[in-house]
Amino acid sequence: MSRKAFIAGNWKMNMTAESGKKLIKELAPLVKDANCDVALCVPAILIPEMIKAAEGTNIKIGAENVHWAKSGAYTGEISADMLKEYGVEYVIIGHSERRQYFGETDETVNKRTLAALDAKLTPIVCIGELLEERENGSTENVLSRQLTEGLKGVDDISKVVIAYEPVWAIGTGRTATDEQAQETIAFIRRKIGELFCPECAKKVIIQYGGSMNAGNCKGLMAQPDIDGGLIGGASLKLDFATIVNYDK
Ligand code: 13P
């Protein structure tokens, strides 16, 4: 079964309206012939300007979080309808930085994921183990729990993108090896098969994230179960175009 590759950037809390527009303008001609889907997930305040900057290009704009309620007393949060109003298509949910620093749990990941799907946004649900968990052999347990709890109640799993981001590889320059990433993502696909159905699992896009860059993207993307990347640091520069064009 062929899945269309999907390379997305995660700007995190970086860039400004000016630097963001400049980068999109420079990236656009470099990625226009990409064979994969391309998105940049940007800080909420930059969304309107980046949507405009990306107009007429194949770069889609995504958000970095979404709240589960339609509206209400949730100071600092943003609803799916607010994102949709500007033409946002993707939203990152449950990034490890949100789990680590902002109290995100499998339960809140689940609520945000269901709200995104309800609004017809494509959630990019992040899962991944800590270094300590990798070293003590509990990676598969952790990922199973994150998938089981985070995806509870999802009707059509093919509408969800999964990003496997081992926490020890994020921003550290220490990428998972091609084999480690492949083996773990194959496990994730099997688990999705168990939770949903084996046929559905074959359709789900699963990205790798964690120090993916212009140098290591080819090897990672050559793995049979790796369908794309969620790129942090390298999405803040033109290296992102090299990753998008990994197959050229
Ligand atoms: P880096 O590519 O900077 O390691 O970040 C990965 C990431 O967290 C993407 O969501």
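Order of listing sets the numbers, starting from 1, for every ligand and every atom in it.
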With backbone taken as N, CA, C and O and side chain as the heavy atoms from C-beta onward, which portion of Leu230 lies under 4.0 Å from ligand 1: side chain, backbone, both, or neither? both

Give every residue pair that meets the ring pair (Phe, Tyr, Trp, His ring centres under 6.0 Å) criterion with at least one member in residues 130-152, sequence neighbours excluded. none

Determine, using heavy atoms of Ser211 and all atoms of ligand 1, whether some pair is separated by less than 4.0 Å. yes

Are Phe187 and Tyr164 close enough that their ring centres sit under 6.0 Å apart? no

Is Ser235 in contact with ligand 1, taking contact as a heavy-atom separation below 4.0 Å? no

Among protein heavy atoms, which lies nearest atom 9 (C) of ligand 1, and at what distance? Glu165 OE2, 2.8 Å

Can you sort out the partners of Tyr86 under ring pair (Phe, Tyr, Trp, His ring centres under 6.0 Å), two or more places apart, ordered by chain and number? none

Any donor and acceptor pair, going by atom type alone, linking the side chain of Asn245 with main-chain N or O of Ala241 inside 3.5 Å? yes

Which protein non-hydrogen atom lies closest to atom 5 (O) of ligand 1, naming both residue and atom, and how far is it? Lys12 NZ, 3.2 Å

Is there a side chain to side chain donor-acceptor pair (under 3.5 Å) between Glu165 and His95 once you walk through the steps? CA-CA 8 Å; Glu165 302 206 303; His95 192 279; 3.0 Å; yes

Check this for me - ligand 1, Glu97, N or O atoms closer than 3.5 angstrom, yes or no? no

Can you check whether Gly171 has an N/O within less than 3.5 Å of an N/O in ligand 1? yes

Might you work through the salt bridge (Lys or Arg N to Asp or Glu O under 4.0 Å) test for Arg112 and Glu77, ending with a clear yes or no? CA-CA 11 Å; Arg112 294 184 203 275; Glu77 292 284 327; 3.2 Å; yes

